[in-house]
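This chain uses plain numbering: 1 for the first residue, then up along the sequence. In listed order, ligands and their atoms are each counted from 1.
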Amino acid sequence: MKGRALRAPKGTRDLLPPATGLWAAVEAEVHRIFALYGYREIRTPILEETELFARGVGEATDIVGKEMYTFTDRGGRSLTLRPESTAAVCRAYVEHGMQTLPQPVRLYYLGPQFRYERPQRGRYRQFHQIGAELLGGRGPASDVEILLLLVAFLRRLGFAELTVLLNTVGDAPSRAAYRAALLAYLEPRAAELGEESRRRLGTNPLRILDSKDPAEQELLAAAPRLADHLTPASREHFAAVRAHLDRLGVAYRVEPRLVRGLDYYTNTVFEVVSGDLGAQNAICGGGAYEGLVEELGGPPTYAVGFAIGADRLLEVLPAGSPLRAPGRHRGPVLLAAAGRLPESGDGVSPLTPIAERLRSEGVPVVETGARAPRLFQLAEQLGAPALAFVGEEELARGELSLRELGSREQTRLPFAEAADRLRRYYEEQP
Ligand code: HAM
């Protein structure tokens with residue numbers, strides 16, 4: 001051995017087959033369903049100027065305060081591996097003058113995000129998000145459009161038992177009024193708060209509402225409520241969103257304590273939770289953000305979006321999800337020689353041209369020298385639907401012998417018929 005074996009950095013993981021097949025199926029579904037709602041893909045850099053997140057996500061948030069992967073590059077610039085993509089999408093919207101396009105602009109993205117968090121099930125330092133942002137929208141109708149997309153996508157993946165938690169954080173004047181009321185209540189009781197929450201009194205008191213600490217929760221139960229400090233405009237906004245959702249039959253639960261961990265939200269916020277994930281149970285978060293585009297140098301722009309944690313989504317993907325259907329995850333057909341085949345003299349196996357012909361007919365194939373029983377083990381490991389054998393007779397007549405693993409039937413067919421039959425395994429999709 002030359003050196004110590006290296007491992008992927010803490011909190012990151014290799015995604016290997018066959019799991020990557022499921023990731024690809026989810027991604028294919030993202031492209032399909034999001035396009036049904038008129039969303040188009042955007043790809044922004046994985047690196048951004050640090051200032052983007054400091055300004056966009058908020059200096060006082062956990063993300064900016066303690067979770068960013070920030071470094072100085074060789075040119076002396078402070079860059080950060082993106083901890084989320086909403087700020088980057090808004091940066092791109094402004095940079096490319098997308099406000100001059102017909103509004104709203106509907107964008108979606110897929111890709112890795114980076115946060116220095118303590119790794120545990122469902123929480124990684126490199127994780128993946130599937131997100132959508134609607135920019136230049138019209139208030140409640142846009143919030144509802146985004147929620148419809150989210151629910152349709154999750155339904156399509158086979159989720160039936162998810163809960164959409166809905167709340168409003170109000171507009172800026174609502175929050176200023178509420179902040180004052182909350183501080184008036186909490187400051188005299190600061191001694192009863194934990195260290196983290198005491199620190200938040202000075203920076204971001206609304207985040208204290210998110211506390212999971214039982215003692216603090218008790219204290220918070222009697223705290224003033226944001227709902228009582230909403231401006232009439234914010235109250236109407238929230239009522240309109242709920243009325244729309246009711247009318248469209250989208251189930252949700254109002255969660256008055258839901259505040260979200262990023263500073264840019266205004267009015268509508270939401271999360272989707274799944275019971276299967278324990279403490280890290282939010283598979284998706286989002287909301288409206290009316291001030292972010294302007295904060296990043298653009299015009300006042302109504303925007304709303306969400307991001308799904310893809311790692312968590314896959315961890316709780318229902319067993320009966322159509323994306324798990326075997327037809328979507330078949331391995332290649334195994335092509336093997338039956339007995340000894342005549343040598344061609346140049347060292348090329350007579351199986352190779354046959355494999356190439358099958359591939360050109362759309363049948364995934366690997367040639368193998370394995371013999372039974374190893375051959376059957378291999379077929380199982382790779383998820384092969386069938387074995388194809390070529391012996392001297394098949395070679396002479398242009399035929400293939402197929403052994404289908406489901407039915408255990410063995411049939412000898414002319415090449416074209418055999419190819420048709422094998423191709424069907426890869427076409428049958430739910
Ligand atoms: P977020 O709530 O910070 O929102 O993240 C969205 C989702 O990403 C979470 O619900 C979770 O599923 C997943 N996630 C976050 N951190 C981790 C982690 N360390 N490991 C695994 N999964 C994680 C945002 O990022 C906003 N940009 C969402 C948004 C889009 N709001 C408006 N538009």
Do me a favour and list the nearest non-hydrogen protein atom to [atom] with residue, atom name and distance?
{"atom": "atom 20 (N) of ligand 1", "answer": "Y124 N, 3.0 Å"}
{"atom": "atom 32 (C) of ligand 1", "answer": "G305 O, 3.3 Å"}
{"atom": "atom 13 (C) of ligand 1", "answer": "G309 CA, 3.5 Å"}
{"atom": "atom 26 (C) of ligand 1", "answer": "Y264 OH, 3.3 Å"}

With a 4.0 Å cut-off on heavy atoms, does [X] reach ligand 1?
{"X": "G261", "result": "no"}
{"X": "D311", "result": "no"}
{"X": "G122", "result": "yes"}

Verify, without hydrogens or angle tests, whether [X] (side chain) and [Y] (backbone) share a donor-acceptor contact under 3.5 angstrom.
{"X": "D14", "Y": "L16", "result": "no"}
{"X": "R324", "Y": "L317", "result": "yes"}
{"X": "R82", "Y": "P112", "result": "yes"}

Distance under 4.0 Å to a non-hydrogen atom of [X]: what atoms of ligand 1 satisfy this?
{"X": "L262", "value": "3 (O), 4 (O)"}
{"X": "G285", "value": "10 (O), 28 (C), 29 (C)"}
{"X": "A307", "value": "6 (C), 7 (C), 28 (C), 29 (C), 30 (C)"}
{"X": "Y265", "value": "26 (C), 28 (C), 29 (C), 31 (N), 32 (C)"}
{"X": "G286", "value": "31 (N)"}
{"X": "E133", "value": "30 (C), 32 (C), 33 (N)"}
{"X": "T86", "value": "26 (C), 27 (N), 29 (C), 30 (C), 31 (N), 32 (C), 33 (N)"}

Taking all atoms of both residues into account, what is the closest heavy-atom pair of [X] and [Y], and its distance?
{"X": "V316", "Y": "I283", "value": "CG2-CG2, 4.2 Å"}
{"X": "M68", "Y": "I63", "value": "CG-O, 3.1 Å"}
{"X": "A337", "Y": "F389", "value": "O-CD2, 4.5 Å"}

Is [X] touching ligand 1 with its side chain, its backbone, both, or neither, if touching means heavy atoms under 4.0 Å apart?
{"X": "C284", "result": "backbone"}
{"X": "Q113", "result": "neither"}
{"X": "Y116", "result": "neither"}
{"X": "R123", "result": "both"}

Verify whether one side chain among [X] and [Y] offers a donor that lies under 3.5 Å from an acceptor in the other.
{"X": "D171", "Y": "T266", "value": "no"}
{"X": "Y265", "Y": "R260", "value": "yes"}
{"X": "H237", "Y": "D143", "value": "yes"}
{"X": "S142", "Y": "Y302", "value": "no"}
{"X": "Y264", "Y": "E84", "value": "yes"}

Task: Qualifying side-chain hydrogen bond (donor to acceptor under 3.5 Å, both in side chains) pairs with a residue from residues 92-105, counting only residues at least two apart or across chains - done: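 Listed once each, the pairs are R91-E95, Y93-Q103.
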
- [ ] May I ask you to decide whether R359 forms a salt bridge with E356, counting only side-chain N to carboxylate O separations under 4.0 Å?
- [x]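 Judged by the 4.0 Å cut-off on N to carboxylate O distance, R359 and E356 do form a salt bridge.
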
What I want to know is whether [X] and ligand 1 share at least one N or O pair that is separated by under 3.5 angstrom.
{"X": "R260", "value": "yes"}
{"X": "Y289", "value": "no"}
{"X": "R115", "value": "yes"}
{"X": "A282", "value": "yes"}
{"X": "F127", "value": "no"}
{"X": "E117", "value": "yes"}

- [ ] Fit a plane to each ring of H229 and Y178, take the angle between them on a 0 to 90° scale, and name the class: parallel (under 30°), tilted (30 to 60°) or perpendicular (over 60°).
- [x]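 Plane angle between 30° and 60°, so tilted.
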
Open item on the list: Enumerate the salt bridge (charged side-chain N to carboxylate O under 4.0 Å, His left out) contacts for residues 231-249, please, sequence neighbours excluded, ordered by first and then second residue.
Closed with: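 Qualifying pairs, neighbours excluded: none.
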
- [ ] From the options R82, Q129, E84, R121, select the one whose nearest heavy atom is closest to atom 5 (O) of ligand 1.
- [x]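 Heavy atom nearest to atom 5 (O) of ligand 1 belongs to Q129.
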
